[in-house]
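In what follows, chains are A, B, ... by sequence order, proteins preceding strands, each numbered from 1. Worth saying up front: this structure is predicted, and the values here are computed from it rather than measured.
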2 protein chains.
Amino acid sequence: MIDLAALSGLRAVATHGSVIAAAEATGFTPSAVSQQVKRLERQVGVPLLERVGRGVMLTSHGRHLVEAGEQVLADLERLEAEIQHRAGVVTGSVRLVAFSTAMRGLVAPVARRLLDEHPGLRLTLDEREPWDTVDLVAAGQCEVGIVHRWGGVTFAVPDHLATTRVADDVADLIVAADHPLASRDKVTPRDLLDVDWIATPEGTICRQWLHRMYDGTGRPPRIAHVSMEFESHLALVAAGLGVALVPRLGRAPLGPDLVAIDVYDPVPTRLVDALHRRTMADSPAVRAVLDALRAG
Amino acid sequence: MIDLAALSGLRAVATHGSVIAAAEATGFTPSAVSQQVKRLERQVGVPLLERVGRGVMLTSHGRHLVEAGEQVLADLERLEAEIQHRAGVVTGSVRLVAFSTAMRGLVAPVARRLLDEHPGLRLTLDEREPWDTVDLVAAGQCEVGIVHRWGGVTFAVPDHLATTRVADDVADLIVAADHPLASRDKVTPRDLLDVDWIATPEGTICRQWLHRMYDGTGRPPRIAHVSMEFESHLALVAAGLGVALVPRLGRAPLGPDLVAIDVYDPVPTRLVDALHRRTMADSPAVRAVLDALRAG
DNA sequence: CATTCCATGTAGTCTCGCTACATGATTGAT
DNA sequence: ATCAATCATGTAGCGAGACTACATGGAATG
């Protein structure tokens, strides 16, 4: 009999291209993944992986096994969800991965109530950036992923994942109370050509969107300081080092030394989506989590 | 993730109707089967088995899980066979179950050569009566089963099993060398109305056929002695206690004190068939075993 | 040619699933 | 009504199997 856990290991090797990458994607050691593949090879009696250079490559049999095995794996997951759906029982383990502001602004308020309402539900939380999140959901490492994308800035989501809109998160311009713009009702990027920005690091989605917001002005934003966390942005703004664009989701109440100003034309909005595998669409547990997120 | 081994346990309970029967069908203890079901229930979070009286019954969810799970199990088995088929490698483990005369007359001569030709093949032999054999093959407890049926005496074979004719086994009348019939070239049941028979026990297929052979005579055969094994039949015949109908397959050479006489009208022929699950039709290992049996 | 990176062996540990046995529950018989 | 029989299921203990940590062996890179 083919061992499905081992098959998952081979699938991870196939999708990630190396034993080491597969190992860290599945949370095992490279040795464990290697042994899983060997176990599979012993079970079917056919070589599945071959060394090429200092890496590995799937044999044609290995590729075929993964392709067809994925179907079996999906069928099994769908079957489990279907049984629970028929029973109408919210039960089982849901691993949820979110980006940090969603974790504190969206997940945290909802999780407690969710667990109280459904005693059979086991919820496991983890914090990742959106790109990693997509991979984790796609590979079956977690059931629900929460990602954000600014309007227009998209990234690819595999076909076998479904998307649910969870929130529209608007960002405000945060300035110090004594800043010249502090008295303004609302501002547009053309008002912000000469301000110093406190921004997230190069390569982050928020940073990309800050640039895109300036598209109509013909100039790039002037980045003065960089920080990972929006909480730190607030501190830097309060210290008079510049202004920041901070989403409302998960934002702590502003102190008296800070002012939030609406931005328009365009309104900086990021879309917050929940991802799940379509095979889990019938799972009452996943559905309960999604419903709670949408309502919260 | 649903544990497929546990699912097999539940399936056995479903098909055999009780935990104990499922246990002896799968070769586990009742406690193990019970724990397998509990494990499954924990994984899907839905009760699958409920006590009724002093036995058990599947819940509707349990029945649905078995029904759909059987599909997954079959897909996985088919996938394994298909991979090996593509590779053209005779490998893996084949469990073969046969009735006793086939074991010594058919399997034994073939097994040695089979193992020598295919080093990757692991062959496990077991001896059972045909009814048990059908169950074992159907339930996935063995890959190949060898059964016999006399013409006309049939038994049900599930749809998902395939049948391969392996041999036509003719039985002769065995009499002591000093018996009045010993000089005859051939005999017909009408010549045997008053002989004492040495027969297999009530309920065996051979016994049923002995009765059916007498259908045209209007009389039942006179059973004098009963013995499980044809080897013993020969000894009893040699001792002058009666005559016996002994198949040629697996029959030891007759001593000088015994004579084999052809029977006609009807010729007592039993059909020897090999059974295998259709999901294993592509398995080179199963195919090699079947080919060898047919050739031998 | 040394260094680095990757995969894979090896030894040890730990978890998980099975067996053996005991218990609880229900039915049928005396 | 009681006792025996039968079935399922808990519990303790044991053994196999799967993973981790570490060491080894190739292959590419500078």
Compare the minimum distances between each of [options] and the side chain of [X], then state the nucleotide with the smallest one.
X: B:Q35; options: D:dC7, D:dT20, C:dC18; result: C:dC18
X: B:R51; options: D:dA18, D:dA8, C:dT26; result: D:dA8
X: A:S31; options: D:dA28, C:dT10, D:dA5; result: C:dT10
X: B:V19; options: D:dA8, C:dT8, D:dA28; result: D:dA8
X: A:V56; options: C:dG28, C:dC18, C:dT8; result: C:dT8

### Pair A:E82, B:H64: side-chain N/O donor-acceptor within cut-off below 3.5 Å
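Yes - a donor-acceptor pair under 3.5 Å links their side chains.
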### Query
Under 4.0 Å between a Lys/Arg side-chain N and an Asp/Glu carboxylate O for B:D126 and B:R95?
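Salt bridge: no.
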### Task
Look at A:R78 together with A:D75 and state whether they make a salt bridge at an N to O cut-off of under 4.0 Å.
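Yes.
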[N] [atom2] sits how many Å from [X] [atom1], rounded?
X: A:Q43; N: D:dG17; atom1: CD; atom2: P; answer: 12 Å
X: A:E50; N: D:dG26; atom1: CD; atom2: P; answer: 18 Å
X: A:L49; N: C:dC6; atom1: CG; atom2: C1'; answer: 12 Å
X: B:F28; N: D:dG15; atom1: CZ; atom2: C1'; answer: 14 Å
X: B:L10; N: D:dA8; atom1: CG; atom2: P; answer: 13 Å
X: A:R54; N: C:dA7; atom1: CZ; atom2: P; answer: 10 Å

Side-chain N,O ([X]) to OP1/OP2 ([N]) below 4.0 Å:
X: A:T29; N: D:dT20; answer: yes
X: B:R39; N: C:dC18; answer: yes
X: A:K38; N: C:dA7; answer: no

### Query
Can you find a donor-acceptor N/O pair under 3.5 angstrom joining the side chain of B:S34 to the base of D:dG10?
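A donor-acceptor contact between them is absent.
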### Message
Considering every strand and a 4.0 Å limit on heavy-atom distances, what is the contact class for A:Q36: base, sugar-phosphate, or nothing?
### Response
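Answer is sugar-phosphate: A:Q36 comes under 4.0 Å of backbone atoms only.
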